[in-house]
Amino acid sequence: MLDLALENCRINQNIVNIGVKDGEIAKISKSPLKADKTINIKGKTILPGLIDAHVHLREPGYEYKENFRTGSMAAAHGGFTTILDMPNTKPETNTAREFKKKIKIASKKSIIDFGLHASIQKLKEIKKITPLKPASFKIFTEKTENHKISRILQILKGSKIPLTFHCEDPQIIKYCTRRLKNETNPESYSLARPSIAEEVATANALAFSHHYDHPIHICHVSSKKTLQLIKSIKAPVTCEITPHHLLLQKKDLKNAGAIAKTNPPLRPPKEAITVKDLKMIDIIASDHAPHTLKEKKENIWKAPPGIPNLEVTLKLLLTLNAKKRLKLAKIQEMLAEKPAKIFRLENKGQIKTGMDADFVIIDPKKTGKIKADEFYSKAHYTPFEGTEYIGEPVMTILRGKVIMKDNEIYDNKGSYVKSSHITLK
Ligand code: NCD
Ligand code: ZN
Ligand code: ZN
Ligand code: ZN
């Protein structure tokens with residue numbers, strides 16, 4: 001007997017019933033299914049539960065900005081069932097001890113499944129962290145010297161664990177920022193960290209991937225030229241875009257001030273990435289980077305960078321779909337299939353028997369305006385405030401359990417998702 005049947009689900013043009021047993025997809029069938037519990041989806045579209053490969057849930061250390069409870073509720077509200085949390089917490093997730101601690105905290109508080117990226121301080125921790133199955137090791141090019149990257153890749157050799165990069169060249173940033181520090185127009189932030197800084201750091205990262213033939217993942221690509229660089233090299237590299245780098249531009253800094261401040265910054269029209277460029281990009285990740293409103297109200301130089309996106313990403317992408325600018329299959333690929341593949345989340349990212357029964361159900365006709373006061377995130381602001389959207393997630397299901405329905409969140413306990421990269425000996 002099945003635990004749950006989802007009746008009348010739309011997958012492409014087909015209407016199917018999906019049977020769930022022990023949290024996994026047990027059956028996909030056109031004929032009716034018998035189960036302990038049945039939910040009639042009434043022909044709405046079903047996608048695999050979305051995976052956000054880049055979020056900052058800020059715990060431990062910055063709980064006043066966000067925590068695993070509020071952040072995971074925001075994720076469920078936005079249609080996500082798995083998040084990969086970034087290591088720039090306090091303390092950093094750069095030792096096996098801190099990594100285990102974070103698993104413990106998140107296991108208690110997260111309502112959705114989660115994996116973790118690790119960072120690196122002491123090289124000898126790398127081999128202690130890999131048995132804990134991190135999604136990747138993350139590097140800020142601003143803080144990591146080249147000889148260290150070489151050492152890291154020598155240690156990681158044979159593991160295929162991706163090295164994830166934030167690419168901005170520190171020298172260019174330093175020089176340009178110093179020149180502009182007295183400007184008060186928020187748009188000058190974009191010039192303080194120009195595209196060339198990203199291109200130089202990306203070229204550097206690509207050289208490492210090329211030389212060591214090791215998989216790297218480039219976070220939040222902000223400019224067309226950076227994309228062209230990535231595409232020009234034969235190396236195992238994947239890349240990511242955020243909704244703000246896709247949909248906003250430098251002028252939005254003028255409109256929204258530091259609310260639109262992020263690293264790398266938003267770009268002028270000539271440099272900005274557009275929907276047409278998505279064919280060159282592997283995944284969309286939110287880079288959910290919440291801060292307090294008080295912090296974001298400081299001037300453009302003092303306010304911290306980062307935009308909270310978990311609750312707007314899918315709505316914005318569904319709007320592109322409604323306007324026939326982006327296929328639903330592409331959304332599914334970039335927010336479920338590919339992130340599962342890159343970070344090796346074996347049971348996630350596809351609607352197929354044997355996979356985790358993670359789903360998001362979409363009403364493609366539901367319209368509204370983005371309103372940050374409706375967020376479950378602690379960060380009640382967004383540069384997308386007031387943006388009209390067409391299409392929204394109406395139900396999120398994690399391993400067969402409804403965790404969001406019509407904007408209401410239901411309590412749940414998420415689990416740690418191991419990445420099945422080969423472990424180092
Ligand atoms: C991120 C943050 O606030 O942690 N900020 C940002 O502007 N993207 C850090 C990061 O991802 O670079
Ligand atoms: Zn970054
Ligand atoms: Zn980030
Ligand atoms: Zn909602």
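Order of listing sets the numbers, starting from 1, for every ligand and every atom in it. Keep in mind it's a predicted model, so treat the numbers as computed, not measured. Residue numbers count from 1 along this sequence.
Residues E98 and K101 are paired through a salt bridge, judged by an N-O separation under 4.0 Å between the basic side chain and the carboxylate. A salt bridge does not link E385 to K369: none of the charged side-chain nitrogens sits closer than 4.0 Å to a carboxylate oxygen. For K378 and E66, the salt-bridge test fails: no basic side-chain N is under 4.0 Å from an acidic carboxylate O.
From the protein, the heavy atom lying nearest to atom 12 (O) of ligand 1 is H166 ND1, 2.8 Å. Residue, atom and distance of the protein heavy atom nearest to atom 5 (N) of ligand 1 are P305 O, 3.3 Å. Given atom 8 (N) of ligand 1, the protein heavy atom at minimum distance is D287 OD2, 2.8 Å. When hydrogens are left out, the protein atom nearest atom 11 (O) of ligand 1 is H56 NE2, 3.1 Å; that is the closest non-hydrogen contact. Nearest non-hydrogen protein atom to atom 7 (O) of ligand 1 is N263 N, 2.9 Å.
The Zn ion (ligand 3) lies at 2.8 Å or more from every N, O or S atom belonging to H220.
Taking the six-membered ring for Trp and the full ring otherwise, the centers of F343 and H117 sit less than 6.0 Å from each other. Remark: aromatic rings of Y62 and H291 are distant, center separation not under 6.0 Å.
Ligand 1 has at least one atom lying under 4.0 Å from a heavy atom of R58. Using 4.0 Å as the threshold, H220 has a heavy atom nearer than that to some atom of ligand 1. Ligand 1 lies nowhere less than 4.0 angstrom from a heavy atom belonging to K261.
T242 and H245 share a side-chain donor-acceptor pair at under 3.5 Å. D52 and H288 form no side-chain donor-acceptor contact under 3.5 Å, judged by distance and modelled atom types alone. With 3.5 Å as the limit, one finds no donor-acceptor pair spanning the side chains of E240 and H220.
For H54, the N/O/S atom at the shortest distance from the Zn ion (ligand 3) is named NE2. Considering just the N/O/S atoms of D287, the one nearest the Zn ion (ligand 3) carries the name OD1. Per residue H166, closest N, O or S atom to the Zn ion (ligand 2): atom name ND1.
Heavy-atom minimum distance, E337 versus G349: CG-O, 3.4 Å.
When each atom of ligand 1 is checked for a heavy atom of F140 under 4.0 Å away, the hits are 10 (C), 12 (O). Those atoms of ligand 1 with a heavy atom of H291 less than 4.0 angstrom away are 3 (O). Near A289, meaning under 4.0 Å from one of its heavy atoms, ligand 1 places the atoms 1 (C), 2 (C), 3 (O). Shown in contact with H54 at under 4.0 Å from a heavy atom are these atoms of ligand 1, numbered in order with element: 11 (O). Against a heavy-atom cut-off of under 4.0 Å, T262 is close to the following atoms of ligand 1: 6 (C), 7 (O), 8 (N).
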- Would F384 and H244 satisfy ring pair (Phe, Tyr, Trp, His ring centres under 6.0 Å), going step by step from the backbone distance to the final call? CA-CA 9 Å; F384 295 104; H244 46 274; 7.5 Å; no
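Residue K138 has no nitrogen or oxygen atom sitting less than 3.5 Å from a nitrogen or oxygen atom of ligand 1, judged on distance alone.
Partner of D85 under the salt bridge (charged side-chain N to carboxylate O under 4.0 Å, His left out) criterion, chosen from K138, K102, K109: K102.
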